[in-house]
**Q** 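The structure's right below; bear with me while I get my questions together.
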Amino acid sequence: MSMTPPSLFEHARQERLKKEAPLAARMRPRTLEEYIGQRHLLAPGRLLRRAIQADRLSSVIFYGPPGTGKTTLASVIANTTKSAFVTLNAVMTGLPDLKAVTAEAQRCQGEYGQRTILFIDEVHRWNKAQQDALLPWVENGTIILIGATTENPYFTVNRALVSRSRIFQLKPLTDDDIRDVLKQALATPERGYGNMKIRLEEDALTHLANVANGDARAALNALELAVETTEPNEEGVIVITLSVAEESIQHRAVLYDREGDYHFDTISAFIKSMRGSDPDAVFYWLAKMVYAGEDPRFIFRRMLIFASEDIGMADPHALPFITACAEAFDRVGLPEGHFPLAHAALYCATAPKSNSVLGFFDALKLVEHERDGEVPNHLRDASRDQKGFGHGVGYKYPHEYRNHWVAQQYLPSSLQGRVFYEPGELGYESTLAGQIRERRELQLAALRETEHLLAPPEILTFSPGDKATEQWLARAVDSLAGFLATLRAELFRRRNLQRHERILDLTADAGLLTWEAVRRVPEGGVWALVRTPEARQVLLEQARNLPELRQPKVLVGEPEELPELLARAGDGELRFDFIVGRNALGRSGNRLAVWKTMYALLDESGSIALAENLPQRGQRLSRLTHEPLPPEIAQAEEAIYSDLHDPVVGWDIPELRQEAHESDFGVLHHELLESHRTQLLPPAVLERWMEESQPSSYAARLLRAGLSRENLALLKNALLPLAGKTITINSVVAILSAGR
C-alpha cells in the first residue's frame, strides 16, 4: 500500500514471490500489447485505450465476471501511468487504510504535483460508510479511482461514485482469446514456459479453452497443473495430451454466483424461458443453476410464483402440482430430487399460460392512487348495524338464484365499468371467458336500467324494514338480466354475421349489444352510439384491455345525427353490414328520421335488427292496483294509446311497417316477446306520472283523453299506496328485422 520505494530486502522478497507465484499471476500482462481480449474496450482508437496511453485516465469502474482481466487491466495502467499507484482489496482493508492513502495522496499532490490512482479490488465489498468516505477525495481530484467488481455497480456501488466514474463492462473471453493466452504462456520465457520443451496437442488446447468458459485464470491454472504433473518423455518434451488436459480441468468453470448478477440473470432467463414455453431452454438454464450449486428450494420458490403469475387460471392445477414436487424434493433429497425438480420445470414450460391474475395489481394501484370507493351499502356487514343504518339491506344471496348467480353491484358506484380481470384464451380459463364477459355485460346493463334497485343507499334515518320487498327486488333483477340475455340472443340471431363485417349499435349506453358485436366481428369493426359523454367514457374504460383495432369507435349523439357524427370522425363514407339497437325508435321523437338514417347507412346487403317496447301493448296504470275503479279510467288509458298523433305512445306494428316502407326497406319481419319485469316504484316517479301541469305526463294525457279530474283523483289515490313498493310491469317487445 505504501508509495515509498521498497528496501533492498523487500525488493528481493518481491522478486522471489514473483518467481514462485502461480502461472496466472506471473503471466499477468504488463502492457496493452500483451493484453488479450476485450477488444470492444482496448482495440486501437477506443476511448479506454487512448486514456491509458495518454495517461489521462479519470475515475473508472471495471465490471465483469471473474477471470476477464479486471485486475490485470489495473496492473497495465499501473505500469503505464506516471501517477502514484496504490492497490487496496476491499475485503482486507477499511477506513484506516483509506485515510492513510488519502493523506499520502495529498502529500504527493502538494509536494510533487503527482496524481494518485487508487485501485480497489472487489469495491462492492466496501459498505456504504466506507464508500462515502472515499467520495470527497474522488470529487476534489486527490484520488483517481479504479474500482473492480463482479457485481452490477449500479446496484452495489455508491450512486455518487458511479455518477463520477466511467463504467466499463468486461465480457468473458472467447475460446480464441483463451487459446491465445495459453499460447502466450507457452512462448514467454521467465514468466511462462518459454524456456521449457512443451508440446500442447491441438485437441488438448481446444479442451482447455472450451472448458475454461472464458476464464483466463482457470485456463492458466489448468495448464500449470498439466505441465507440473507431467513427466517429460525420452526426448525431454512434456506432452500435454487430451487425457492430461481432461484431468487438469474436468469441470467447466460456470460463471455463476448465488447472490450476484449471474444468479439473477440466470434465474431471469429460466423464468422467461418457462413463460415462452420453451422446454429445451428451460432445461438448459435449470441445468446451469443446478451445476453451479444453486439451492433447489430457491428454484422451487420461483416456480411456485410462476404457477400463479404466468400459468394462473389457464391451469389451476399448476400451483398444487409444483407444491407437490417441492414436497417430494424435500422427502427424497439429492441427487434423486433432481427428478421432481426437472418435472416441475417441464410442467411450467408446457402448461398453458395466463397472466390474468396481474389484474389484482391494477386494482392495487387504483386503490393507492385514486380516491377511496365506499363499500356499497348492500355489501356491508349486516350483523352489527342493519337496523340502524340499513347495512346489508338489498344483498342478494346468489345461491338462491338459477345457476347460483344474480346481477348485483359489487364494485363501488364510482368504479362501475372498471375491468381488472380479463380472462385468457387458453386452457381451463378459456372455458370461463365467455361466461364472465357475458355476465359482466348483463350486469352492467341491468345496473344502468335499475340502478336504484341494485345499489340501495345507506339509510340515514331509520324505520322498520320490509323483507318481502327485498325478496321481490332480488327476483326482479335476476329476471331482468335473463330477459336482456334473451333479447341480445334474438337480435344477433337475425343475421349470420361474418367475421369481417361492420356493426353499428344504435343504443350502446348500457353496452348490452356492443360487446357481443365486438366478439362476433374480430376482423371487422364496431361503431357504438351513446347519448352522453359519461356513457362514452364508461364504454372506453371497458374497452381499454382490448387491442386497439378491436375497440369500438364510440360516437355521442342521436341516431338522426349519425351521418354528421361519422363524417366528423372521418368515417363519412362508411356503410354498415348490420345495425342493432334496443328502443332506438321508441326513445326518438322522430321515428321516421331514424328509419331513413338506418337505410342510408346500410351496405347494399346490410340488415337491421331492433328490439322495441310496443307502448300500445304495455302496462296500464289502472291495472297495477287491486282497488275497483270506474271504467272511464281504463277507457281513457286506451284512448291515450290510440292517439296516432302522439309519437311517444301512439304506435304499434302497423305504424312501424309503414315507416319502414317509406324509408325504402324491404319486408319488415317481427316477433313478439312478453316481458314481466318487477321493479320498485319510487315516490318521485309516481309524482311525475301524476303531475297535471306537465303536458307529457300520464295525468295530462288522461285529461286530454277526456278523463274527469274526479276520476283522475281516484286513480291517484289508488296508486299512492304503491309508492316505494315493488310493482310488476308487463310489456311486449317486438324483435324487428329488415334488409335493404
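Residue numbers start at 1 and run along the sequence shown. Hydrogens, waters and symmetry mates play no part in the numbers below; they use all other heavy atoms, side chains included.
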**Q** Look at the side chain of Ser75 and the backbone N and O of Thr72, then say whether any donor-acceptor pair between them is shorter than 3.5 Å.
**A** yes
**Q** Considering only heavy atoms from C-beta outward, does the side chain of Arg125 approach that of Asn89 to under 4.5 Å?
**A** no
**Q** Could you tell me whether a side-chain N or O of Thr230 sits under 3.5 Å from a main-chain N or O of Ala226, the two making a donor and an acceptor?
**A** yes
**Q** Hey, are the side chains of Arg28 and Thr71 touching, using non-hydrogen atoms and a 4.5 Å cut-off?
**A** yes
**Q** Show me, pair by pair, the donor-acceptor contacts under 3.5 angstrom made by side chains of residues 317-335, not counting sequence neighbours?
**A**
{"residue": "Thr323", "atom": "OG1", "partner": "Leu319", "partner atom": "O", "Å": "2.8"}
{"residue": "Asp330", "atom": "OD1", "partner": "Arg297", "partner atom": "NE", "Å": "3.3"}
{"residue": "Asp330", "atom": "OD1", "partner": "Arg297", "partner atom": "NH2", "Å": "3.4"}

**Q** Under the side-chain contact (heavy atoms from CB on, under 4.5 Å) criterion, do Leu286 and Leu341 qualify, and how do the steps go?
**A** CA-CA 9 Å; Leu286 177 64; Leu341 180 65; 4.0 Å; yes
**Q** Let's go through Glu202 and Lys183 carefully: what are the C-alpha distance in whole Å and the side-chain angles of both, what is the deciding distance for salt bridge (Lys or Arg N to Asp or Glu O under 4.0 Å) to 0.1 Å, and is it a yes or a no?
**A** CA-CA 11 Å; Glu202 185 62 28; Lys183 290 177 180 179; 5.7 Å; no
**Q** Kindly give the heavy-atom pair with the smallest separation between Thr149 and His124, and that separation in Å.
**A** OG1-ND1, 2.7 Å
**Q** Is it true that, when you exclude Glu33 itself, more than 12 heavy atoms of the residues, nucleotides or ligands shown sit nearer than 6.0 Å to its CD?
**A** yes
**Q** Considering only heavy atoms from C-beta outward, does the side chain of Asp310 approach that of Met274 to under 4.5 Å?
**A** no
**Q** With no hydrogens and no angle check, is any side-chain donor or acceptor of Lys272 less than 3.5 Å from a backbone partner on Phe270?
**A** no
**Q** Kindly indicate, with the supporting measurements, whether the criterion side-chain contact (heavy atoms from CB on, under 4.5 Å) is fulfilled by His40 and Gln38.
**A** CA-CA 5 Å; His40 64 292; Gln38 310 304 335; 2.9 Å; yes
**Q** Output yes when a side-chain donor or acceptor of Glu224 lies under 3.5 Å from a complementary backbone atom of Pro22, and no otherwise.
**A** no
**Q** Could you tell me the separation between the CG atom of Leu42 and the OH atom of Tyr35, rounded to the nearest 0.5 Å?
**A** 6.0 Å
**Q** Can you check side-chain contact (heavy atoms from CB on, under 4.5 Å) on Trp285 and Ile271, steps first, answer last?
**A** CA-CA 9 Å; Trp285 296 116; Ile271 292 169; over 6 Å; no
**Q** Looking at every heavy atom in both Ala74 and Phe85, which two are closest together, and how far apart are they?
**A** O-CZ, 3.3 Å
**Q** Is any side-chain heavy atom of Met27 closer than 4.5 Å to a side-chain heavy atom of Val181?
**A** no
**Q** What's the spacing between Leu23 CG and Leu225 CG if we round to 0.5 Å?
**A** 11.5 Å
**Q** Do the side chains of Glu235 and Arg199 get close enough for a salt bridge, i.e. N-O under 4.0 angstrom?
**A** no
**Q** If I take atom CG from residue Asp97 and atom OG1 from residue Thr102, how far apart are they, to the nearest 0.5 angstrom?
**A** 10.5 Å
**Q** Nearest 0.5 Å, please: how far is CD1 in Ile146 from NZ in Lys70?
**A** 13.5 Å
**Q** Taking all heavy atoms of Thr150 and all of Pro65, pick out the closest pair and write down the distance.
**A** CG2-C, 4.4 Å
**Q** If we only count heavy atoms from C-beta on, is the Gln131 to Leu134 side-chain gap below 4.5 Å?
**A** no
**Q** If you look at every heavy atom in Gly69 and Leu170, which pair is closest and at what distance?
**A** C-CD2, 3.8 Å
**Q** For Arg164, does the CZ atom have more than 12 heavy-atom neighbours from other residues, nucleotides or ligands under 6.0 Å away?
**A** yes
**Q** Is it the case that the side chains of Thr206 and Arg179 hold a donor-acceptor pair, with the cut-off being a distance below 3.5 Å and no angle test?
**A** yes
**Q** What pair of heavy atoms forms the shortest contact from Tyr347 to Asp315, and how long is it?
**A** OH-OD2, 2.6 Å
**Q** Checking side-chain contact (heavy atoms from CB on, under 4.5 Å) between Leu57 and each of Leu48, Thr80, Leu145, which is the one that passes?
**A** Leu48
**Q** To the nearest 0.5 Å, how far apart are CD1 in Ile267 and CD1 in Ile299?
**A** 6.0 Å
**Q** Side-chain contact, heavy-atom cut-off 4.5 Å: Ile144 with Ser83?
**A** no
**Q** Could you give me the CA-CA distance, side-chain angles and deciding distance for Asp177 and Arg39, then say whether salt bridge (Lys or Arg N to Asp or Glu O under 4.0 Å) is met?
**A** CA-CA 10 Å; Asp177 291 335; Arg39 291 185 55 80; over 6 Å; no
**Q** Enter the distance from Leu182:CG to Leu220:CG here, rounded to the nearest 0.5 Å.
**A** 6.0 Å
**Q** Short question: side chain of Glu104, backbone of Val101 - any donor-acceptor pair under 3.5 Å?
**A** no
**Q** For side-chain contact (heavy atoms from CB on, under 4.5 Å), just list the numbers for Leu358 and Glu309, CA-CA rounded to whole Å, side-chain angles, deciding distance to a tenth of an Å, and then say yes or no.
**A** CA-CA 7 Å; Leu358 294 181; Glu309 179 183 357; 4.2 Å; yes
**Q** For a 4.5 angstrom cut-off between non-hydrogen side-chain atoms, does Met289 reach Arg302?
**A** no
**Q** If you take all heavy atoms of Ala24 and Asn221, which pair is closest and at what distance?
**A** CB-OD1, 3.8 Å
**Q** Any chance the side chains of Asn140 and Thr142 put a donor and an acceptor closer than 3.5 Å?
**A** yes
**Q** Between Leu118 and Leu98, is there a side-chain heavy-atom distance shorter than 4.5 Å?
**A** yes
**Q** Give a yes or no on this: more than 12 heavy atoms of other residues, nucleotides or ligands lie within 6.0 Å of atom CD of Glu228.
**A** yes
**Q** Look at the side chain of Gln169 and the backbone N and O of Asn152, then say whether any donor-acceptor pair between them is shorter than 3.5 Å.
**A** no
